[in-house]
Amino acid sequence: MTFQTVPTYQGVLARYAQYLDIPAHTRPVTLQEGNTPLIPMPGLAAELGGGFELFVKYEGLNPTGSFKDRGMTVAISEAYGRGAKAVICASTGNTAASAAAYASRAGLRAVVIIPQGKVAAGKLAGAVAYGAEVIQIEGSFDDALALVVQISQQQPIALVNSLNPYRLEGQKTAAFEICEALGAAPDWLCLPVGNAGNITSYWMGFRQYHDLYRLGLPRILGVQAAGSAPLVLGRPVEHPETVATAIRIGRPARGEQALEAAEQSGGRILAVSDEEILAMQRRLAAGGVWVEPASAAGLAGLAHELLAGRLSLDELRGRRIVAVCTGHGMKDPDIIAASMPAPLRLEPDVRALEQAILRGR
Ligand SMILES: *Cc1c(COP(=O)(O)O)cnc(C)c1O
């Protein structure tokens with residue numbers, strides 16, 4: 001046997017340069033994001049009724065723990081290449097951590113604006129660790145986004161929320177990876193919807209590959225949390241609430257495009273309860289995939305539609321379904337402490353331990 005080196009993977013900009021609509025001044029800033037696993041979930045598929053193939057696109061395995069890195073490498077590379085000295089974003093947490101990491105790497109200032117309360121511990125810690133200037137405002141994510149849009153128009157500071165088109169260029173690469181792994185587009189794609197940049201990106205990516213390679217198009221199931229479901233209600237939500245803090249957004253910046261993606265694809269956008277989200281988080285973890293609550297929403301939506309009879313097992317027979325799990329479970333450790341039993345406490349005594357094990361708790 002001969003030893004072979006593998007060419008180093010260089011991140012989504014290098015991998016997909018020819019497919020991305022980006023200016024020539026772009027100077028790559030990468031942490032080798034992307035190239036995430038597409039994990040088969042046969043146990044969960046069987047639990048949901050079986051007869052179809054189910055995969056999780058595990059985006060929590062990106063460098064800062066969420067899919068935001070795919071878009072951020074492109075947004076920061078563009079800003080850096082054009083000579084920007086600072087970037088700004090509003091964030092429920094993951095965008096902040098991602099912007100902070102890529103900005104630091106490029107030597108740029110990162111200012112991140114987070115809403116009052118409910119930013120998961122692992123996200124805030126990330127933003128701070130990577131050296132961002134974190135400002136919490138007494139308002140919602142939507143208030144924060146309105147502020148950063150205004151400031152970026154008045155000051156030489158680059159906006160890196162998904163209103164920035166380069167974020168979408170980067171994020172669409174996840175659709176390319178799925179097509180390459182399956183040899184075709186899946187039949188269904190389920191994913192959470194917050195500010196709606198990601199659903200827009202996936203639809204762009206699948207359409208682009210279909211135009212080039214005739215790989216088919218998925219139907220898209222976009223899923224919001226019931227307490228933050230402006231796209232289902234058809235109007236903004238003033239005080240969005242949900243345990244899935246990454247999608248706690250009442251006024252999605254790309255709402256129109258999300259509705260279009262769902263409709264054009266022959267899919268839909270629906271809402272699920274926090275209980276359904278947390279139940280799906282536990283079911284995914286039982287299959288070895290621990291995700292943050294928002295990331296379980298896509299699959300919770302699939303389960304919801306099956307239960308409600310709006311999707312039938314007949315219709316899904318032989319089909320391939322991909323659920324996008326957007327962020328890692330370690331981002332939000334507190335929700336586990338709040339929703340799962342605490343560890344058993346024992347004296348350091350072998351008899352006590354033996355009894356506990358035999359009892360199986
Ligand atoms: C940002 C985020 C979402 C929502 O994505 P949008 O592009 O805002 O719709 C979902 N899950 C996680 C973990 C996120 O970080």
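Index from 1, following the sequence. We count ligands from 1, going down the list as the structure has it; atoms in each ligand are counted the same way. What you are looking at is a predicted structure, and each value in this text was computed from that prediction instead of being measured.
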Checklist entry - In ligand 1, which numbered atoms sit nearer than 4.0 Å to a non-hydrogen atom of Glu292? => result 13 (C)
Checklist entry - At a non-hydrogen distance cut-off of under 4.0 Å, which region of Arg254 contacts ligand 1 (side chain, backbone, both, or neither)? => result neither
Checklist entry - Looking at Ala294, which atoms of ligand 1 are within less than 4.0 Å of one of its heavy atoms? => result 11 (N)
Item to check | For Pro192, the ligand 1 atoms whose distance to one of its heavy atoms is below 4.0 Å | outcome: 10 (C)
Checklist entry - Just checking, any donor-acceptor pair under 3.5 angstrom between side chains of Arg70 and Ser201? => result no
Checklist entry - Would you say the side-chain atoms of Gln355 and Arg359 include a donor-acceptor pair closer than 3.5 Å? => result no
Checklist entry - For ligand 1, is any non-hydrogen atom under 4.0 Å from Asn94's backbone (N, CA, C, O), its side chain (CB onward), both, or neither? => result side chain
Item to check | Whether Tyr209 and Phe176 hold their rings parallel, tilted or perpendicular, with breakpoints at 30° and 60° | outcome: parallel
Next on the checklist: Polar contacts were defined as any N/O atom of the residue lying under 3.5 Å from an N/O atom of the ligand; does this apply to Phe67 and ligand 1?
Outcome noted: no
Checklist entry - Once you round to the nearest 0.5 Å, how far does CH2 of Trp188 lie from CG of Leu311? => result 5.0 Å
Next on the checklist: Does ligand 1 come near enough to Thr326 that some N or O of the ligand is less than 3.5 Å from an N or O of the residue?
Outcome noted: yes
Item to check | Protein contact of atom 7 (O) of ligand 1 - nearest heavy atom, named by residue and atom, plus distance | outcome: Asn198 N, 2.8 Å
Next on the checklist: Check contact between Ala196 and ligand 1, using heavy atoms of the residue and a distance below 4.0 angstrom.
Outcome noted: yes
Item to check | Under 4.0 Å to a heavy atom of Gly194 - the qualifying atoms of ligand 1, by number | outcome: 4 (C), 6 (P), 8 (O), 9 (O)
Checklist outcome for this item: side chain to side chain contact (heavy atoms under 4.5 Å, CB included) with Val87: of Val160, Leu159, Val111, Asn164, only one passes, and it is Val160
Checklist entry - In terms of atom number and element, which parts of ligand 1 are under 4.0 angstrom from non-hydrogen atoms of Asn195? => result 6 (P), 8 (O), 9 (O)
Checklist entry - Is ligand 1 under 4.0 Å from a heavy atom in the side chain of Lys331, in the backbone, in both, or in neither? => result neither
Checklist entry - Yes or no on salt bridge (Lys or Arg N to Asp or Glu O under 4.0 Å) for Glu53 and Arg319, after CA distance, side-chain angles and deciding distance? => result CA-CA 6 Å; Glu53 281 184 273; Arg319 305 277 177 195; over 6 Å; no
Checklist entry - If you measure from each non-hydrogen atom of Ile247 to ligand 1, which part falls under 4.0 Å: side chain, backbone, both or neither? => result side chain
Next on the checklist: Under 3.5 Å between any N/O of Ser66 and any N/O of ligand 1: does that happen in this structure?
Outcome noted: no
Checklist outcome for this item: Looking at Lys68, Gln171, Arg167, the heavy atom closest to atom 15 (O) of ligand 1 belongs to Lys68
Next on the checklist: Looking at Lys68 and Glu59, is there a salt bridge between them, counting it only when a charged N and a carboxylate O are closer than 4.0 Å?
Outcome noted: no
Item to check | Enumerated ligand 1 atoms positioned under 4.0 Å from heavy atoms of Gly327 | outcome: 13 (C)
Item to check | Single hit among Leu124, Val112, Ile114 for side chain to side chain contact (heavy atoms under 4.5 Å, CB included) with Gln136 | outcome: Ile114
Checklist entry - Between the main-chain N or O of Gln116 and the side-chain N or O of Glu138, is there a donor-acceptor pair closer than 3.5 Å? => result no
Checklist entry - Taking it one step at a time, do Lys57 and Glu177 satisfy salt bridge (Lys or Arg N to Asp or Glu O under 4.0 Å)? => result CA-CA 9 Å; Lys57 181 65 172 163; Glu177 289 177 14; 2.7 Å; yes
Checklist entry - Looking at Val193, which atoms of ligand 1 are within less than 4.0 Å of one of its heavy atoms? => result 9 (O)
Checklist entry - Among side-chain atoms of Ser295 and Glu292, is any donor-acceptor pair under 3.5 angstrom? => result no
Checklist outcome for this item: One finds that the ligand 1 atoms under 4.0 Å from a non-hydrogen atom of Gly197 are 6 (P), 7 (O), 9 (O)
